[in-house]
Structures are given as C-alpha cells and as structure tokens.
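For reference, the structure is listed below as structure tokens.
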Amino acid sequence: MPLEVALKKKYYEEVRPELIKRFGYENIWAVPRLVKVVVNQGLGEAKEDARILEKAAKELSLLTGQKPAVTRAKKSISNFKLRKGMPIGLKVTLRGDRMWIFLEKLLSVALPRIRDFRGVSPNGFDGRGNYNLGLREQLVFPEITYELADAPRGMDIAIVTTAQTDEEARALLELLGFPFRK
C-alpha cells in the first residue's frame with residue numbers, strides 16, 4: 001500500500017491540470033514535475049571535532065527520514081587547514097514519497113516557524129527550472145528540539161524539477177504552495 005501524501009495528491013489533482021491549462025502542454029510528460037530534493041549541510045567545524053558530524057547526521061536523518069552521505073573535501077586548502085578527503089558536510093537526496101513528505105513538512109511546518117518570515121526569495125532559480133533555498137538554522141523543524149541541537153546549523157535545499165524555464169518552475173512551486181516574496 002503506497003503512502004498517501006497530501007502534497008503529491010495535490011500535484012496530480014490540481015497543479016498538473018492548472019499547468020496544462022496555463023502553458024498549453026500537448027503531452028502529459030511535458031508538464032513540469034519534481035524530480036528530487038537535495039538537502040545539503042556544510043560543516044566546516046567538523047574537521048576539528050568528529051562528534052559534530054555525527055550529531056549533525058543524526059539531526060539530518062531525523063528531518064529527512066534517510067541517512068545522510070558525508071561529503072569530503074575535493075582538494076587541500078592550507079588557509080582553511082583543510083586536507084583532501086576530510087569530511088566537511090552532509091547531503092541527502094530525496095526522491096519519491098520521502099521528497100513529497102519533506103516538502104510538505106517544509107511548507108506547512110518549518111517555513112511558518114521562521115521568525116519575521118515574509119516569504120522565500122524569488123531569486124533562487126538557476127535559469128534551468130531548479131530552485132535553491134537556504135535556511136539559517138535547523139531548529140525550524142519540529143523534530144529538532146533545543147536540547148538535541150548543540151548549535152544552530154544552516155542547510156541548503158535544492159529542488160530539482162523538469163521545468164525548462166524559471167517561469168514554469170515558479171508556476172509549479174507557487175501552485176504547490178511555496179510562499180514567494182512579492
């Protein structure tokens with residue numbers, strides 16, 4: 001029995017027909033859809049203390065429901081006391097139902113909990129129909145409590161779509177419920 005995700009249901013029942021009407025797609029596969037969501041956390045301070053990486057990995061797996069992959073330095077940079085191969089971050093690639101669940105949680109719970117929130121930046125599009133969003137701290141998610149978090153850590157969220165243009169991607173995300181700043 002597949003998991004019923006409200007945002008996924010909304011995409012198929014409301015968003016896709018609206019996009020077809022708005023942009024006049026002939027083929028159903030030409031309609032923009034979400035491919036994956038990549039959550040990335042840079043942890044430069046992890047090079048001194050390995051426990052930071054473990055703690056951040058535990059938090060990220062709580063948020064996403066998936067174990068994060070450790071990203072390593074590609075080359076040595078002496079000014080940052082960084083050697084090639086040192087662990088410097090975490091990333092999780094979400095697809096399928098986990099992606100929909102994470103986005104639903106982001107839109108309905110995490111973003112409204114941000115102080116003085118006026119909407120997400122409309123400038124996060126990359127020109128190819130993908131959207132990037134940065135959060136300053138992981139504490140906006142209800143799974144992370146103040147007792148569990150030792151320090152506020154930011155994260156980057158990349159939303160990859162099949163949209164050909166930023167206009168199509170913006171329409172897709174707006175119809176899904178992304179609160180863009182006016």
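What you find for P179 and L107 is that their closest heavy atoms are CD-CD2, 4.1 Å. For the pair P112 and V109, the tightest heavy-atom approach, listed with the atom from each and the gap, is CD-O, 3.5 Å. The two residues V92 and L94 have their closest heavy-atom pair at CG1-CD2, 3.7 Å. The two residues P32 and Y25 have their closest heavy-atom pair at CD-OH, 3.3 Å. The nearest pair of heavy atoms linking T161 to A169 is OG1-CB, 4.1 Å. Closest non-hydrogen pair, L176 versus L34, comes out as CD1-CD1, 3.9 Å.
Partners of A6 by side-chain contact (heavy atoms from CB on, under 4.5 Å), not counting sequence neighbours, listed by chain and number: E104. Contacts of N123 classified as side-chain contact (heavy atoms from CB on, under 4.5 Å), with partners at least two apart in sequence or in another chain: S121. By the ring-ring contact (aromatic ring centres under 6.0 Å, His included) test, F125 is found to be paired with Y131, F180, residues two or more places apart in sequence or in another chain being considered. For E137, the side-chain contact (heavy atoms from CB on, under 4.5 Å) partners are L139, P152, not counting sequence neighbours. Judged as a side-chain contact (heavy atoms from CB on, under 4.5 Å), and not counting sequence neighbours, the contacts of R95 are K36, T93.
Here the CG-CG distance, from D156 to N40, works out to 5.5 Å after rounding to the nearest 0.5 Å. Remark: L135 CG to R153 CZ distance equals 14.5 Å, nearest 0.5 Å. Going from atom CG of L53 over to atom CG of L90 covers 5.0 Å, rounded to the nearest 0.5 Å. Here the CG atom belonging to L7 is positioned 10.0 Å from the CG atom belonging to L106, to the nearest 0.5 angstrom. In this structure, NZ in K74 is found 8.0 Å from CD1 in I88, a value given to the nearest 0.5 Å. To the nearest 0.5 angstrom, D126 atom CG is 6.5 Å from D166 atom CG.
Atom CZ of R136 has 12 or fewer heavy atoms from other residues, nucleotides or ligands within 6.0 Å. Other residues, nucleotides and ligands contribute only 12 or fewer heavy atoms inside 6.0 Å of the CZ atom of R118. Atom CZ of R72 is surrounded by more than 12 heavy atoms from other residues, nucleotides or ligands within 6.0 Å.
Residues I159 and L111 fall within the same hydrophobic cluster, defined by Ile, Leu, Val, Met, Phe, Trp and Tyr side chains chained together at heavy-atom separations under 4.5 Å. If you chain together hydrophobic residues whose side chains sit under 4.5 Å apart, V5 and F178 fall into the same group. In this structure, V35 is not a member of the same hydrophobic cluster as W100, with clusters built from ILVMFWY side-chain heavy atoms closer than 4.5 Å. Using a 4.5 Å cut-off between side-chain heavy atoms of Ile, Leu, Val, Met, Phe, Trp and Tyr, with links allowed through other members, L173 and V160 fall into different hydrophobic clusters.
Residues L172 and V31 have side chains not in contact (no heavy-atom distance under 4.5 Å, counting atoms from C-beta outward). At least one side-chain heavy atom of F141 sits under 4.5 Å from a side-chain heavy atom of M155.
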### Task
Assess whether side chain to side chain donor-acceptor pair (under 3.5 Å) is satisfied between Q66 and R98, documenting all intermediate values.
CA-CA 8 Å; Q66 193 170 304; R98 282 196 181 134; 3.3 Å; yes
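Residue pairs that meet the salt bridge (Lys or Arg N to Asp or Glu O under 4.0 Å) test with at least one member in residues 21-31, sequence neighbours left out, are E18-K21, E18-R22.
A distance-only check finds a donor-acceptor pair linking the side chain of K10 to the backbone of L175 [under 3.5 Å]. The backbone N or O of L63 sits less than 3.5 Å from a side-chain atom of K105, completing a donor-acceptor pair.
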